[in-house]
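Since the structure comes first, as structure tokens, the remarks are kept for the end.
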Protein chains: 2
Amino acid sequence: MGGPRFEPVRAVRAYERVVEQIEEAIESGALSPGERLPSERELMVQLAVGRSTVREALRVLQARGLVRSRPGDPHGAEVLPFSPAALHKSMTTLARVEQLSLGELVQFRMVLDSAAILLAARLRTEEQLAEMNKAVEAMRAAAGTEPGAADTEAFGRADVAFHDAVVAASGNKLIQICTDVVRQIVLRQISARIDAADDRQALMRRSIQHHEEVIEAIRAGDGPLAARLSRRAMYDYYAPYVKESETSALRALLE
Amino acid sequence: MGGPRFEPVRAVRAYERVVEQIEEAIESGALSPGERLPSERELMVQLAVGRSTVREALRVLQARGLVRSRPGDPHGAEVLPFSPAALHKSMTTLARVEQLSLGELVQFRMVLDSAAILLAARLRTEEQLAEMNKAVEAMRAAAGTEPGAADTEAFGRADVAFHDAVVAASGNKLIQICTDVVRQIVLRQISARIDAADDRQALMRRSIQHHEEVIEAIRAGDGPLAARLSRRAMYDYYAPYVKESETSALRALLE
DNA sequence: TCCGATTTGTGCGTATGTATA
DNA sequence: CTATACATACGCACAAATCGG
């Protein structure tokens, strides 16, 4: 015991070395978004590997969202600004193969969103508070006053804008990206059912009221209250779509 | 307005179609972990594409952690059980290119971990509570009684076991995976500094005491208290490594 | 134990369509 | 509009690795 612990030597493929080199260059900042990689033939020469090896490496980097290459582009592959697309992809895969339930996803959002709101109540600036108010204003406009005049799509966009303003105020980019990713996954699962609801406009009005209450708590600096309100609002909004057996786990977050 | 909405036709590459087909087969469950894909040459025939195309597709699937192929394996690529490796990879990339600070990462863990503990206090079984106790027992053993007899590695493993038991009791796999991924990223950033601390054993003792308090609160079913204690414990443990300017955002989570 | 069939890893040449100067 | 350079895709060849008999 305590002797040297040997690990099996994994045969590292040529294309992996290529991936590592380019990845390191990008993540270290030696290559910035917008800059171009050498052409495939040039890389082939510089790295002393075959064309297929270069191409397989570029595919992997493309799958990770780090570069993009287009046919005929004389400048070579383009280094992309970071996008959570790869994160989104792996979470979506996770949701499918691990059979993540809607309840788990909503629970995750309740946790992260309310945390963001708790932080936002402490750290927000006046400008950010104005952003939130503007978003709720847009929600009101989208919900309309005449029956049947609701613009579901605009309402959704305004809702996203509100949450973006909140997570921006929270100052935590990781929370921002994760809530965004999970929100999209949840919406993909139930957007059809939401669109089909015949009391959409009533749902919107309730949602707007909840948002107004949350904003008021944020304005007053009462983070715990704002967080509690937001969890309640999300529960009310999503619980109808969650399996009966899972709602108790959601309610556990409501105190 | 309201006319047919045309979308730009994205030139979809051959290898992408291949990726989509195989991905769909795996995520839908038509192919289960352990099963094999046809060999590259067989796929080439079935899909009516060249071998390079098949290979590029397999690389992408491999990068996403869905399959693994080894040279010479006569059975073709193996379908893998889900692993959060791809998620881990994209979060690590995120942390590097977006320059996620240690403060943000720790804050994220405080949020998710305390949520898991809040849920665990409500939902845990006696077996899971016993698991947690066992883990803390292992932490005590690793910390040792004699000065200088601490086994840092064993302590870390026991700590992980504790948190695994907690998130398992919370019943939310998404929280489990995310906390696990972020924990590894945080550790990678500061493990050297933790190892170098000359008061390691004292830190371990405090950590053990915190864990005992959390377990007691979980046993008593007081979720909010357990969550508060865990946030405090994590703050105490990691705050020394977080930049001065960021600790206030962390303290915002302590009430 | 060894050997041979099969497969993957890799390199290279070619044809084709495309984007840019 | 043309020329050039490029990515895409195909197919073959060879080496190395794996597995079954």
Side-chain angles (χ1 to χ4, degrees), chain A residues 6-23 25-26 31 33-81 85, chain B residues 7-23 25-26 31 33-80 85:
Chain A
F6 296 116
E7 289 188 6
V9 184
R10 58 168 189 133
V12 60
R13 270 58 135 215
Y15 83 94
E16 286 192 48
R17 312 286 298 257
V18 176
V19 168
E20 282 167 17
Q21 278 199 47
I22 299 179
E23 196 169 41
I26 294 176
L31 280 167
E35 289 193 80
R36 303 305 186 109
L37 260 46
S39 75
E40 292 185 359
R41 288 176 178 83
E42 179 63 29
L43 282 173
M44 186 176 122
V45 174
Q46 286 187 25
L47 298 161
V49 294
R51 186 92 185 276
S52 346
T53 304
V54 169
R55 288 179 59 75
E56 287 172 25
L58 288 178
R59 291 300 178 226
V60 173
L61 292 169
Q62 191 157 3
R64 291 193 185 149
L66 294 177
V67 305
R68 175 183 58 177
S69 54
R70 294 173 305 161
D73 190 331
H75 301 111
E78 180 185 2
V79 177
L80 295 177
Chain B
E7 289 188 5
V9 186
R10 57 170 188 132
V12 59
R13 264 72 126 209
Y15 84 94
E16 285 192 49
R17 311 287 297 258
V18 176
V19 168
E20 281 168 17
Q21 277 198 47
I22 299 177
E23 195 169 41
I26 293 175
L31 280 168
E35 287 194 81
R36 302 306 185 105
L37 260 46
S39 75
E40 292 182 0
R41 287 175 174 82
E42 178 65 29
L43 283 173
M44 182 177 124
V45 174
Q46 286 187 24
L47 299 162
V49 294
R51 192 151 94 102
S52 344
T53 305
V54 169
R55 288 180 57 74
E56 286 171 25
L58 288 178
R59 291 299 176 227
V60 173
L61 292 169
Q62 191 156 11
R64 291 192 185 150
L66 293 177
V67 306
R68 175 184 57 179
S69 52
R70 295 173 307 158
D73 190 333
H75 301 109
E78 180 184 2
V79 177
L80 294 177

Task: CD on B:Q21 to CG on B:L43, rounded to 0.5 Å - done: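 Reported to 0.5 Å precision, the distance equals 9.5 Å.
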
TODO: Please round to the nearest 0.5 Å and tell me the distance separating atom CG of B:L61 and atom CD of B:E20.
DONE: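 It is 10.5 Å, given to the nearest 0.5 Å.
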
- [ ] Output all residues satisfying salt bridge (charged side-chain N to carboxylate O under 4.0 Å, His left out) with A:R41, sequence neighbours left out; order by chain, then residue number.
- [x]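 Per chain and number, A:R41 pairs via salt bridge (charged side-chain N to carboxylate O under 4.0 Å, His left out) with no residue.
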
- [ ] Check side-chain contact (heavy atoms from CB on, under 4.5 Å) between A:V79 and all other residues, then give those that pass, not counting sequence neighbours.
- [x]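 Partners of A:V79 by the side-chain contact (heavy atoms from CB on, under 4.5 Å) criterion, ordered by chain and then number, come out as A:I26, A:L31, A:L37.
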
TODO: Please identify each residue that fulfils side-chain contact (heavy atoms from CB on, under 4.5 Å) with A:E42, with sequence neighbours left out.
DONE: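 Result, side-chain contact (heavy atoms from CB on, under 4.5 Å) vs A:E42: A:P38, A:S39, A:Q46.
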
- [ ] Let me see the working for B:V19 and B:R64 under side-chain contact (heavy atoms from CB on, under 4.5 Å), right down to the final yes or no.
- [x] CA-CA 11 Å; B:V19 168; B:R64 291 192 185 150; 3.6 Å; yes

Once side chain to side chain donor-acceptor pair (under 3.5 Å) is applied, do any residues pair with [X], and if so which ones, sequence neighbours excluded?
| X | value |
| --- | --- |
| A:R68 | A:E78 |
| A:R70 | A:D73 |
| A:R59 | A:Q62, B:E56 |

Task: Exercise: identify the closest heavy-atom pair between A:V60 and A:Y15 - done: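 Taking every non-hydrogen atom into account, CG2-CE1, 4.0 Å.
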
TODO: Tell me what B:E40 touches on the nucleic acid: a base, only sugar-phosphate, or nothing, going by heavy atoms under 4.0 Å.
DONE: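 Sugar-phosphate contact only - B:E40 comes under 4.0 Å of backbone atoms but never of a base.
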
Task: Separation of atom CD in B:E42 from atom C1' in C:dT6, rounded to whole Å - done: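 Rounding to the nearest Å, CD of B:E42 and C1' of C:dT6 are 13 Å apart.
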
Sub-3.5 Å pairs of nitrogen or oxygen atoms, protein against nucleotides 11-19 of chain C:
unit_1 : atom_1 : unit_2 : atom_2 : d
C:dG11 : OP1    : A:G50  : N      : 3.3
C:dG11 : OP2    : A:G50  : N      : 2.5
C:dG11 : OP2    : A:T53  : OG1    : 2.3
C:dG11 : O5'    : A:G50  : N      : 3.2
C:dG11 : N7     : A:S52  : OG     : 2.9
C:dC12 : N4     : A:S52  : OG     : 3.1

Task: Contact list for DNA chain D against residues 55-69 of chain A - heavy-atom distance below 4.0 Å - done: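 Residues of residues 55-69 of chain A that come under 4.0 Å of DNA chain D are, in numerical order, A:R55, A:R59, A:S69.
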
Open item on the list: Distance under 4.0 Å to a non-hydrogen atom of chain A counts as contact; along DNA chain D, which nucleotides mark the start and end?
Closed with: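 Taking any atom under 4.0 Å from a heavy atom of chain A, the span is D:dC6 to D:dA9.
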
